[in-house]
Amino acid sequence: MDDRILTAPAVSFVEDLTRRFRPRIDELLERRRAAQARFNAGARPDFLADTAAVRSGDWTVGAIPADLQDRRVEITGPVDRKMIINALNSGANVFMADFEDATSPTWTNLVDGQGNLMDAIRGTISYESEAGKRYALKPPLATLMVRPRGFHLPEQHFVVDGRPAPGMLFDFGLYVFHNARALIDAGTGPYFYLPKMQSHLEARLWNDIFLHAQAALQLPAGTIKATVLIETLPAAFEMDEILYELRDHIVGLNCGRWDYIFSAIKTLQQDASFVVPDRGQVTMEAPFLRSYTQLLIKTCHRRRAFAMGGMAAQIPIKDDPEANAKAMDKVRADKLREVREGHDGTWVAHPALVSIAKQVFDEGMPGPNQLQRQRDDVTASAAALLEAPAGTRTEAGLRHNIRVGILYLEAWLNGQGAVPIYNLMEDAATAEISRTQIWQWITHGAALDDGRTVTRALVQQWIAEESAGRLPAARALFEAVATSEQLADFLTLPAYDILVKPS
């Protein structure tokens, strides 16, 4: 597969992207560190004074392609052949092929994933299981979008001028180089989901990358389209500005709610007033999440961009009909909340959930989208976006975090990035919430509902009890990032060092 993907022209294209844009990526990552230092010193995120004119201005985003006008159900997953085929065939409107949180970034996964997408775009992809079952495309197919890695992740197998290339440029560059023309010829285009941005300056960089790629590949202006995931707390205060920076290329924003919870904990890590309860108690009804999703809808619709809802992570529970019925009821309730609030579409993690989400949105959204719902009733408030969720902390919740975090890391280190755990399809955001929540409880001496204080020693004891028989590297890494003195920015960075280390 390498020979087909890593051709000399493709390699040159990614090398050029790296030389042009890596210095700005470095600057933006340093800017993130400086912002976090201010938050750690007591500052809180807020709306920017120097971009007030953008927020108050009368402008809208550019034209949105026909095949992105109706996005009522989107399915996401990794870039393996079987997943790509099943997702494109699922009946969803959009499939987001994920090089980020749902893919363990082994060299094989990344390069084979690019080849799988090339085959899918050209209609030649097929797959045969070990049992002899054959999978092939069956039109009509979902519209394809691709999520490259975030700013922070390097690609250590692709070195330019003595340094690893940014993973985002590697993923984006290879995909757009090989497929932009084929996508246009097929009546669609190179469409992307952009993850984990923290500021409009990061959106500005992506816009410049798009402009350069379009010029280098001789694509018409505005060909590349993107949806930005609002999955960091700082980005929630810059949604107008992010839309503005990408206005010729952006089609919407998405509520990346699991990463958003992780980011809220990380951003406010030194704030003793923002100590969260058990993960299972932090629902979308929590004021800080409800405020963020409603502000996103209002902001997007004012700018004629789509407001995409969040992930339903449930998967079918085949051996327990009663438990399965309860899980599917949760999916329906979640999607009903989203369509009633004004979202233009939603995410699911499993093909079996497509029909449920589609039924809810078909009934609640008779048109292709809800851009006409302006949500003028929503008032932006920094205080509401920063309100700590209510609830309790329990031994069961802490032990659950430990088990899920270690199970996910074990799978990730073995090359699997989307993992069914306790009847939910989990990705890297799961482990991030688990370990930051534990770190927060230790750091602030949080009390469990039985009166015990969460300490490093207690957590280490429970990690030992919950990790018997698990991969030692997964246990050691989880313990390190959950009980460290300083909170690591991203779990996937030390995990990636283990992943690529020669065995």
Side-chain angles (χ1 to χ4, degrees), residues 32-33 36-37 39-41 101 104 152-153 233 258-259 261-282 388-389 391-414 419 421-422 426-499 501:
R32 285 185 181 182
R33 287 187 281 271
Q36 187 60 56
F39 298 142
N40 288 350
D101 274 3
S104 173
H152 59 289
L153 288 168
L233 183 61
W258 305 122
D259 265 303
I261 296 169
F262 152 55
S263 175
I265 298 171
K266 181 171 70 170
T267 304
L268 303 175
Q269 59 186 264
Q270 297 299 332
D271 188 342
S273 71
F274 196 88
V275 178
V276 299
D278 286 357
R279 172 191 169 189
Q281 297 179 38
V282 185
T392 58
R393 289 165 290 277
T394 68
E395 176 179 344
L398 202 160
R399 286 182 179 271
H400 181 80
N401 277 345
I402 291 169
R403 288 194 302 274
V404 169
I406 293 174
L407 285 169
Y408 180 80
L409 271 177
E410 183 175 62
W412 198 92
L413 293 173
N414 282 316
V419 189
I421 302 175
Y422 301 128
E426 307 284 19
D427 68 9
T430 297
E432 293 285 28
I433 294 173
S434 296
R435 63 97 182 182
T436 50
Q437 191 165 58
I438 292 172
W439 184 94
Q440 184 193 53
W441 293 0
I442 293 172
T443 299
H444 293 288
L448 299 178
D449 62 345
D450 60 11
R452 282 178 294 176
T453 298
V454 179
T455 64
R456 182 171 286 104
L458 182 65
V459 169
Q460 289 170 334
Q461 175 190 331
W462 288 353
I463 287 175
E465 293 171 2
E466 295 291 346
S467 61
R470 304 263 62 99
L471 184 70
R475 174 208 163 152
L477 176 58
F478 186 81
E479 182 171 329
V481 295
T483 67
S484 58
E485 288 291 336
Q486 301 295 322
L487 182 63
D489 277 348
F490 291 98
L491 167 66
T492 45
L493 287 170
Y496 184 60
D497 289 339
I498 297 171
L499 193 71
K501 184 172 62 178

Minimum heavy-atom separation for [X] to [Y], with atom names?
| X | Y | result |
| --- | --- | --- |
| Val419 | Ala411 | CG2-CB, 3.5 Å |
| Leu407 | Tyr422 | CD1-OH, 4.1 Å |
| Arg470 | Ile406 | CB-CG2, 3.9 Å |
| Ser434 | Gly405 | OG-N, 4.2 Å |
| Ala388 | Ser273 | CB-O, 3.3 Å |
| Arg475 | Ala464 | NH2-CB, 3.7 Å |

Answer whether the closest heavy-atom distance between the side chains of [X] and [Y] falls below 4.5 Å.
| X | Y | result |
| --- | --- | --- |
| Ser467 | Phe478 | no |
| Val481 | Trp439 | no |
| Tyr496 | Trp412 | yes |
| Ile498 | Leu413 | yes |
| Arg393 | Asp449 | no |

Distance, nearest 0.5 Å, that separates [atom1] of [X] from [atom2] of [Y]:
| X | Y | atom1 | atom2 | answer |
| --- | --- | --- | --- | --- |
| Ile438 | Thr443 | CD1 | OG1 | 11.5 Å |
| Thr492 | Leu153 | OG1 | CG | 4.5 Å |
| Asp278 | His400 | CG | NE2 | 9.5 Å |
| Leu491 | Ile433 | CG | CD1 | 12.0 Å |
| Asp489 | Arg32 | CG | CZ | 8.5 Å |
| Gln437 | Asn401 | CD | CG | 4.5 Å |

#### Entry: Candidate pair Glu479 and Arg435, rule salt bridge (Lys or Arg N to Asp or Glu O under 4.0 Å), full reasoning
CA-CA 8 Å; Glu479 182 171 329; Arg435 63 97 182 182; over 6 Å; no
Under 3.5 Å, side chain of [X] to main-chain N/O of [Y], donor-acceptor pair present?
| X | Y | answer |
| --- | --- | --- |
| Thr455 | Leu458 | yes |
| Lys266 | Thr436 | no |
| Asp101 | Ala428 | no |
| Gln270 | Phe39 | no |
| Thr394 | Gly397 | yes |
| Trp462 | Ile402 | no |
| Trp441 | Val276 | yes |
| Ser263 | Leu233 | yes |

#### Entry: Test: Glu426 and Arg403 ion pair at under 4.0 Å
no
### Query
Salt bridge between Arg452 and Glu395, side-chain N to carboxylate O under 4.0 Å?
yes
#### Entry: Check against side chain to side chain contact (heavy atoms under 4.5 Å, CB included), Thr392 and Gln281
CA-CA 8 Å; Thr392 58; Gln281 297 179 38; 3.0 Å; yes
### Query
For Leu398 and Val454, what are the C-alpha separation, side-chain angles and deciding distance, and is it a side chain to side chain contact (heavy atoms under 4.5 Å, CB included)?
CA-CA 9 Å; Leu398 202 160; Val454 179; 3.9 Å; yes
### Query
Between Trp258 and Arg279, is there a cation-pi geometry (under 6.0 Å to ring centre, at most 45° from the normal)?
yes
### Task
For atom CD of Gln486, decide whether the heavy atoms of other residues, nucleotides or ligands shown that lie under 6.0 angstrom number more than 12.
no
### Task
Could you label the plane-to-plane angle of the Phe262 and Phe490 rings as parallel, tilted or perpendicular, counting under 30° as parallel and over 60° as perpendicular?
perpendicular
### Query
Does the pair Ile261 and Glu432 meet the rule for a side chain to side chain contact (heavy atoms under 4.5 Å, CB included), with working shown?
CA-CA 9 Å; Ile261 296 169; Glu432 293 285 28; over 6 Å; no
### Task
Give the C-alpha distance, both sets of side-chain angles, the deciding distance and a yes or no for side chain to side chain contact (heavy atoms under 4.5 Å, CB included) between Gln269 and Gln36.
CA-CA 9 Å; Gln269 59 186 264; Gln36 187 60 56; 3.4 Å; yes
